[in-house]
Amino acid sequence: MAVSHAARAAPTDFLAEVLAATPGGDPRLDRCIQCGTCGGSCPSAADMDHTPRQLFALIFAGMRDEVLRSNTFWYCVSCYFCTVRCPQEVHITDIMYALKRLAIREGLYRESGAAEAPAFAETYIDYVENYGRSFELGLATRHHLRHHPLGAIKKVAFGMELWRKGRIDLTPKRIKNMAQLSAILNKAKELEAADGRGGGA
Amino acid sequence: MSTNGAKPKLAMYWAASCGGCEIATLNIGEHLLTVDQVFDLAFFPCIADFKVSDLEAYADGSIDLCLFNGAIRSAENEHMAHLLRRKAKILVAFGSCAYEGCIPALANLTSRQAILRTVYLENPSPDNPAGVLPQTITKVPEGELTLPAFYHTVKALDQVVDVDYYVPGCPPESEQIWAVLQTVVAALSEGAPLPPKGSIVGAGQAAVCDECPLARHEKRIPRFYRPYEIVPKPGLCLLEQGLVCLGPATLSGCGALCPQVGMGCRGCYGPLPGVVDQGARMLTALASVIDVSGKPGDDEEALARRVEEAVSTLVDPAGTFYYFSMAHSLLRRARVQDDGQGERHDATDHH
Amino acid sequence: MKYGYYPGCSLERNAIAYHESAMAVAPLLGIEFTELEDWNCCGATEYISLHALPAYALVGRNLALAAQQQLNRMVAPCSACFINLAKTDKYMADDPRLARLVNEALAAGGLHYKPGSVRVRHLFQVIVEDVGFEAVAARVVKPLYNLRVAPYYGCLIVRPTLQPPFDDPEYPTSLDRLLRVLGAKVVDFPVKTHCCGGHMTQISEATALELIRRLLKNAVDYQADMIVTLCPMCQLNLDGYQEEVNKHFGTDYRLPVLYFTQLMGLAFGLPPGVLGFGREFVDPTPALAKIGAEPPAPDKKERPSKEALPMPAMPRQDGGEP
Amino acid sequence: MGESDRFEPLIIGFTCNWCSYRAADLAGVSRMKYPPNVRLIRLMCSGRLDPVFVLKALAGGADGVLITGCHPGECHYLEQNYKALRRYHLLRMLLTQLGVEPERVKLVWASAAEGGRFAEEVGRMVEDVRRLGRLNWPAVAADGTEPGDGQTPNAGHVHEAEPVVAAEAHQEEVTP
Amino acid sequence: MSTTPLSPKPRARIGVYVCHCGSNIAGVVDVKEVARWAGRELADEGVVIARDYQFMCSNLGQELIEADIKEQGLTRVVVAACSPHLHEATFRNACQRAGLNPYLCEMVSIREQVSWVHTDREQATAKAKALIAGGVERVAWHEPLEPVIVPINPTTLVVGGGIAGIQAALEIADSGYPVILVEREPSIGGHMAQFDKTFPTLDCAACILTPKMVAVGSHPLITLLTYSEVERVDGYVGSFQVTIRKKARYVNTETCTGCGLCIEKCPVRVVDEVFEAGLGYRKAIYRPFPQAVPKYPVIDTEHCTYFQRGKCKACQIFCPTQPKSIQFEQQDERIQVEVGNIILATGYDLFDCRRIPQYGYGRLANVYTSLEFERLCNAAGPTGGEVVLRDGVTKPKTVGIIHCVGSRDRNYNNYCSVICCMQSLKFAHLVKERTGAEVYNFYIDMRTPFKDYDEFYQKVLAEGVHFVRGRVAEVTDAARHPGEEGKIIIQVEDTLIGRQRRIPVDMVILSAALEPRRDAQEVAHKFGIACSTNGWFIEKHPKLDPVATMTEGIFIAGCAQGPKDIPATVAQGAAAAARVIGRIHQTRLALEPIRASVIAERCSGCRICNNLCPFHAISFREDLGVTEINPALCQGCGTCVAACPAGAITGTQFSNEQVFAQIEGLLMLDFSGKPVRRLEPLAAAAEPAFP
């Protein structure tokens with residue numbers, strides 16, 4: 001397929017960028033032998049525009065934009081099947097996380113089919129950063145009101161059902177030492193920004 | 001050899017030592033009478049009042065035999081070594097200190113300044129608010145007071161003067177001493193041949209194990225123990241029980257006294273002749289039989305960690321392996337910083 | 001046995017049934033919990049999708065607090081919390097750089113965490129490893145005879161295999177064995193470690209519903225009366241979204257989804273009231289009604305025909321030799 | 001500090017005849033480049049490596065010693081490199097006590113096929129030892145008298161400033 | 001009572017020869033300067049002549065050295081050129097021709113270690129000088145050595161009766177030397193005997209193997225010990241003493257005619273885990289297969305009713321021979337044999353597919369291993385060659401064949417098992433041929449090297465077999481759609497279209513990896529050889545010496561050395577045989593005199609060294625209380641030399657003196673080549689002013 005030269009970074013650079021953005025020891029991506037075990041194992045492969053394997057091939061080819069525009073990693077459910085099955089012990093799930101972060105940093109995810117995922121994540125961590133705990137009701141409602149006002153009705157019904165069964169709070173809980181948590185998270189973000197490794201830690 | 005019928009002259013001097021060598025010498029018992037018959041005591045400050053001036057008065061080479069014990073730790077020691085070398089026909093490095101540094105040379109693991117500080121400042125006993133340290137020259141109204149310089153590195157006798165023979169041991173065994181004296185006497189009186197210069201005399205041929213009655217087998221040591229940690233099984237080689245014993249690396253001649261009472265050999269008779277660095281020999285021997293191995297495909301870091309664990313049960317290798325031979329070891333001393341922070345570095349410091 | 005307890009956000013409310021039943025059975029197994037003081041959310045799979053270091057710092061705070069409160073043996077009942085806590089500890093150990101950065105961040109909150117100082121395990125893992133099947137068996141007073149259960153592990157309790165893997169990441173059998181000990185009939189459940197859809201319910205519902213359908217279908221194919229889970233997310237997706245699945249695929253599944261702790265409680269003779277029953281979307285009472293007083297007759301093996309070829313020997317799942 | 005006047009450490013390397021010496025050969029045949037600071041001695045096996053060789057080299061003026069052998073489990077004499085490994089660790093303990101930074105004595109496994117690894121490790125070690133500075137043990141052993149302490153008898157060689165001893169210098173940075 | 005000190009450095013007349021190697025060395029090292037320097041500065045060290053020359057290894061170069069030895073009366077030679085692994089032999093021979101003991105020559109590598117790895121001319125030259133100084137100092141301590149000569153016993157032990165061992169045994173025996181062939185199982189034949197057809201020619205394994213088996217059984221020079229295992233090995237190349245345990249057969253092979261009546265009458269049916277790979281049955285008294293060599297059956301006591309419950313004896317009752325050939329009282333016997341060389345052809349084990357649960361083997365009835373399938377389509381197999389499902393009757397309509405099961409996977413075996421691709425192609429062909437089913441092959445990379453292999457691939461392609469490039473993710477019976485009900489579904493990414501596919505089939509065949517024998521490590525230790533990280537026996541050199549090992553007199557052949565197909569296995573069997581025959585022809589063998597020895601009077605019997613030698617060369621003489629080293633067993637590694645706390649063990653060619661001297665030499669020059677001021681700090685200093 002025709003790829004404009006501009007879209008193609010020097011192969012090794014992008015691979016290096018991805019590796020650097022993946023913490024937790026050597027992610028071993030450079031060992032990939034393109035066997036497809038990941039793509040074969042993935043429960044949501046059907047929804048992905050590229051199978052993980054293809055995505056890796058694109059990374060090796062240095063096709064940065066195409067990779068970061070892909071919806072593949074947004075459909076990753078982090079079930080770790082690919083990771084434990086990979087014959088080369090590539091940390092695939094972690095790489096998917098890394099790609100999500102890079103895509104967000106580059107603002108490219110919006111073009112991917114799964115524009116909502118990051119939004120949902122944002123709403124989620126909003127609560128975590130303000131309360132220290134997640135908050136299902138707020139999470140679900142706020143997220144859905146924002147992104148599908150219509151679908152939200154259904155969601156609210158679901159929420160009500162949860163509430164009826166005593167499975168949901170109407171108000172979020174806040175941890176005691178929120179100040180400490182905020183300090184930690186802010187410092188962490190600062191470090192991450194300074195580091196400029198696409199959040200590779 | 002001895003001129004005009006006059007009795008040959010014997011000298012015995014102590015440098016940095018504990019006096020144990022003299023006591024061992026006097027322990028030869030009734031043989032002392034023979035010694036007295038055969039020799040003129042020319043210089044023996046430990047048992048009679050001799051002055052250095054007396055010694056200086058002798059013609060060079062006029063003393064037939066000098067037993068020099070003690071290490072060279074100060075300028076005075078070295079001065080006396082040179083003096084006695086001049087005066088004596090046969091100079092013997094007598095006992096472990098003179099031979100290879102012995103306990104005094106363990107000071108080489110730290111620095112002169114650390115020692116002076118410990119002794120004159122940090123000890124509970126001294127009352128030294130001004131923090132005065134000994135100086136070679138101190139001016140006082142009456143004039144100048146002098147002290148011999150205190151060396152940073154303790155040396156063996158043969159590291160400052162030429163030595164004819166070595167008698168190992170801390171102290172040397174009395175019967176060995178007597179045997180040595182007999183050879184010399186034989187040489188002096190009947191002109192019997194002396195052993196070649198540089199020989200170790202008053203010792204055996206092989207290692208201490210040769211004289212050790214404890215049962216020995218193939219060795220596999222999973223970890224080491226310090227003497228207080230276990231009660232050794234009687235009759236069984238201490239090494240095999242994980243107790244450090246320098247017997248295998250130490251010249252025989254003592255009759256393996258220590259191992260027989262359940263105390264590992266400390267190595268006071270020094271290495272076998274021709275062996276460079278007794279400590280290293282013991283180190284390599286012990287390490288070789290540490291019972292940590294692996295199989296193909298083992299994680300190399302994990303393997304290294306297991307080995308490190310096992311060896312780290314051997315506390316203070318330097319002090320253990322160079323108990324007596326520090327001055328004669330290849331490295332001779334520890335490398336310490338100029339500020340005199342000469343504390344010995346605990347082996348567990350490194351990762 | 002004393003453990004630190006990290007409930008995680010779900011168990012506070014949505015999975016409160018899990019929390020209550022866990023608290024009810026724990027004392028019978030000699031387990032004593034001390035809840036981690038002022039714990040915070042583990043970030044689920046969301047936080048790490050946006051920021052790496054803050055995500056690890058977020059979890060790092062929990063670990064640091066645990067160490068500070070001398071809770072060196074932590075238990076997390078939620079698979080996602082468990083994996084986040086355990087993974088952060090391991091990655092900090094494997095990646096000194098990460099460890100340094102996380103600790104720099106923690107320092108801003110006056111905290112520090114030394115990798116390896118806290119061992120985090122899943123509640124189920126603790127029951128298997130520390131309590132043991134014998135001790136569980138000793139507690140059973142009302143065996144769950146006749147109840148056909150599909151043992152559902154989900155992904156995160158067996159994957160990724162953080163040291164030491166306590167069961168097979170593809171085909172674990174410890175939950176099967178536990179349920180057998182409780183007297184239930186465990187059906188073969190090939191998809192026992194497949195994904196429940198996770199947070200896809202929020203992002204791409206269609207994707208999630210298909211994953212849920214696969215699980216429900218397989219359980220039904222093997223005539224299970226119910227699915228037993230170890231994880232709040234799995235329970236919510238399979239139970240709460242079952243109606244949605246039926247609408248979406250025109251199916252008619254009515255498969256209760258319970259926590260293993262709830263079944264333990266029943267087998268231990270505890271009243272359903274203390275086990276958080278009544279909060280399910282799919283009513284389990286019909287299924288539970290099947291529980292009989294008598295052990296079912298062992299299903300007879302039909303003799304293989306004389307032409308049939310022998311099958312390879314497999315290890316017995318009760319841990320014994322084949 | 002310019003190329004010209006930067007400190008050039010002298011390192012004695014020990015190789016086993018079957019793996020690491022052949023790795024060195026391979027590095028040569030493949031024209032890989034590494035700094036000329038290492039001078040090799042061929043032994044039949046890393047099991048022949050007598051710690052006394054290391055001490056001898058250091059005492060004789062070497063700034064570091066590189067010990068190489070076959071990977072564990074691949075020793076051509078089956079299991080002798082395990083002995084080398086044990087000796088190495090005990091020796092490091094000893095050297096640390098004697099004020100020699102452990103980095104100055106390094107054990108590296110290199111198979112006959114790992115010419116690249118060999119070259120890399122040599123380069124790395126030269127850098128490490130250069131950082132640690134000159135060892136100059138002959139001067140240490142000769143006298144080691146600290147200057148300016150008011151008493152320098154038969155003042156020998158001026159004792160040069162020593163680097164901090166490894167034991168303190170190289171604390172694991174991550175976990176205090 | 002007195003012991004004398006160290007011996008002084010011996011005086012020597014040393015010649016130094018520096019090679020230009022064309023521009024290989026001279027291009028970077030100032031060779032002429034180096035030679036000049038050596039002649040001038042190393043004179044005190046004993047150098048009497050130093051020359052440089054274009055190519056020292058050329059005849060002229062060698063003659064130069066020979067001439068100097070004769071005319072200048074050189075007693076030592078140092079050649080600074082390439083790696084000793086290239087030309088040490090060359091220059092040693094030159095010395096020998098000139099009447100100088102070859103071991104008085106030392107090589108210094110200034111090409112591989114200097115000119116080829118360094119660029120700065122000055123620094124390279126300096127290093128070259130230092131290396132030569134090291135060589136000069138060292139060579140002075142060299143001693144003349146004579147090779148260790150050992151006689152070679154003409155009998156050879158072959159361990160393992162698979163095709164590799166069979167080939168080796170026949171080659172040696174046919175050339176007129178006796179062979180003892182030891183096989184663990186009741187019959188020789190190995191894995192090959194289990195196969196149906198062999199790729200790529202598809203000729204039947206039995207048809208080509210049986211004649212060889214018979215030849216072994218009837219060969220006058222081959223002693224066949226089946227149902228036997230080697231227990232211990234003593235001695236060394238030329239004269240090994242081997243202890244072999246002959247397991248009780250409970251059948252008297254003297255009288256047994258192999259009629260097989262006992263087998264027929266035996267009431268106990270047992271799943272045959274070995275020969276039938278668990279797919280078929282045998283009796284408690286059995287012969288692995290009809291063409292077994294030898295033909296005598298054995299009793300499997302674990303399942304025999306008589307041995308378990310003390311009654312039955314059907315086999316004995318019905319045995320037609322007089323006296324009866326069934327002997328329940330038979331015992332294992334130990335036999336001692338003397339051999340000169342040993343060939344290990346112990347083969348491989350098949351990967352246990354249960355270790356990959358997602359492939360369903362053991363849980364899903366119709367998932368087979370490659371070995372099971374071999375038996376399935378073998379005319380002599382449990383189904384008489386019918387390719388059917390586990391029910392024993394149904395023919396599959398769709399079959400999936402999965403490559404690389406347990407191979408090329410860091411979770412199991414991180415290597416390619418070599419034979420799987422061709423084997424899977426063979427299976428595909430056989431399935432088509434026998435059932436006409438649709439066949440899918442799932443592969444990562446199709447590897448068909450070697451003669452006629454790729455042609456076979458072409459043939460199978462033409463037969464309409466489907467090939468899916470992708471490593472199978474899972475094999476499951478969990479149906480998602482009506483079309484999948486009752487089938488086995490193979491889930492895989494078809495990497496050529498980049499989609500996940502689920503392909504329903506009736507039968508799955510797993511091309512399982514070849515693994516080292518479970519006891520390979522133990523066996524290796526018994527014979528004093530090594531295993532690689534993957535567990536295969538290590539050859540002496542991967543390319544140039546693939547059937548020899550580091551232990552003199554021990555050779556390896558076949559899959560014990562690594563996965564390989566039948567042609568390669570046969571070739572190795574023959575190669576090992578050729579090496580052995582060569583040895584036997586020499587009648588005597590000269591071993592490198594690099595050996596350790598104990599100075600008895602210095603040995604105190606501390607026994608530190610006693611368990612350090614993997615070649616069992618070190619033994620303790622209880623009577624003398626000292627340790628001894630057997631020079632023929634010693635391989636010269638020097639570990640004991642380095643370990644002896646008393647310095648009582650010396651090693652020729654690598655003595656402490658030699659290494660010390662070399663260290664001193666290497667340190668004579670600093671980095672830039674300037675001589676280091678030899679400070680003698682501890683020599684008697686001038687008498688100090690007192691105080």
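Letters A, B, ... are given to chains in the order of the sequence lines, protein chains preceding strands, and every chain is numbered from 1.
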Quick one: which of C:Gly198, C:Ala108, C:Pro54 has the most heavy-atom pairs under 4.5 Å with chain A, could you say?
-> C:Pro54

Looking at C:Gly8, C:Ala105, C:Cys155, which has the largest count of heavy-atom pairs under 4.5 Å with chain A?
-> C:Ala105

Can you find a pair of side-chain heavy atoms, one from C:Thr45 and one from A:Tyr97, that are under 4.5 Å apart?
-> yes

Identify which of A:Gly25, A:Ser134, A:Cys79 forms the greatest number of heavy-atom pairs closer than 4.5 Å to chain C.
-> A:Cys79

Side chain from CB out, backbone as N, CA, C, O: work out which of these in C:Thr207 comes under 4.5 Å of a heavy atom of chain A, or both, or neither.
-> both

Could you tell me which non-hydrogen atom of A:Gln180 sits nearest to which non-hydrogen atom of C:Gly109, and how far apart they are?
-> NE2-O, 2.8 Å

Which one of C:Glu210, C:Glu104, C:Glu244, C:Glu170 has the most heavy-atom pairs closer than 4.5 Å to chain A?
-> C:Glu170

Go through A:Ser78, A:Ser41, A:Gly132 and name the one with the most non-hydrogen pairs under 4.5 angstrom from chain C.
-> A:Gly132

Given that the side chain runs from C-beta out, which part of A:Asp26 has a heavy atom under 4.5 Å from chain C: side chain, backbone, both or neither?
-> neither

Quick one: of C:Gly110, C:Gly43, C:Gly278, who has the most non-hydrogen atom pairs under 4.5 Å with chain A?
-> C:Gly43

Relative to chain C, which of A:Leu99, A:Leu185, A:Thr83 shows the most heavy atom pairs under 4.5 Å?
-> A:Leu185

Nearest-0.5 Å distance that lies between atom OH in C:Tyr47 and atom CD in A:Glu129 = 3.5 Å

Roughly how far apart are A:Lys187 NZ and C:Asn103 CG, rounded to 0.5 Å?
-> 12.5 Å

Given that the side chain runs from C-beta out, which part of C:Leu111 has a heavy atom under 4.5 Å from chain A: side chain, backbone, both or neither?
-> side chain

Taking side chain as C-beta onward, heavy atoms only, is C:Tyr91 less than 4.5 Å from A:Pro23?
-> no

Looking only at heavy atoms, the pair that brings C:Ala44 and A:Tyr124 closest together is CB-OH, 3.4 Å

Grab the two heavy atoms, one from C:Cys195 and one from A:Val77, that are nearest each other, plus how far apart they are.
-> SG-CG2, 3.5 Å

Straight-line distance of A:Ile125 CD1 to C:His51 NE2, nearest 0.5 Å | 4.0 Å

Minimum-distance pair of heavy atoms, taken over all atoms of A:Ala121 and C:Leu50 | CB-CD1, 3.5 Å

Please look at A:Glu190 and chain C and tell me whether the side chain, the backbone, both or neither of the residue comes under 4.5 angstrom of a heavy atom of that chain.
-> neither

Tell me, side chain or backbone of C:Thr193 under 4.5 Å from chain A's heavy atoms, or both, or neither?
-> both

Is any side-chain N of the basic residue among A:Arg167 and C:Asp239 closer than 4.0 Å to the acidic one's carboxylate O?
-> yes

Which bit of A:Asp47 comes within less than 4.5 Å of chain C, counting heavy atoms only: side chain, backbone, both or neither?
-> side chain

Which atom pair, heavy atoms only, marks the closest approach of C:Met200 to A:Trp74?
-> CE-O, 3.1 Å

Under 4.5 Å to a heavy atom of chain A? For C:Glu243 that would be neither

CD1-CD1 distance between C:Ile16 and A:Ile168, expressed to the nearest 0.5 angstrom | 12.5 Å

Describe, in one word, how the ring planes of A:Phe120 and C:His199 are oriented to each other, choosing from parallel (under 30°), tilted (30 to 60°) and perpendicular (over 60°).
-> perpendicular

What residues of residues 57-67 of chain C sit under 4.5 Å from chain A when you count only heavy atoms?
-> C:Ala57, C:Leu58, C:Arg61, C:Leu65

Output for pair (A:Lys165 NZ, C:Glu280 CD), nearest 0.5 Å, gives 7.5 Å

Quick one: of A:Ile104, A:Leu181, A:Leu162, who has the most non-hydrogen atom pairs under 4.5 Å with chain C?
-> A:Leu181

Under 4.5 Å, counting heavy-atom pairs only, tell me which of C:Cys42, C:Ser204, C:Ser10 racks up the most with chain A.
-> C:Ser204

Going from CZ on A:Phe81 to NE2 on C:His194, what distance comes out if it is rounded to the nearest 0.5 angstrom?
-> 4.0 Å

Closest heavy-atom pair and its distance - A:Tyr80, C:Lys87 | OH-NZ, 2.8 Å

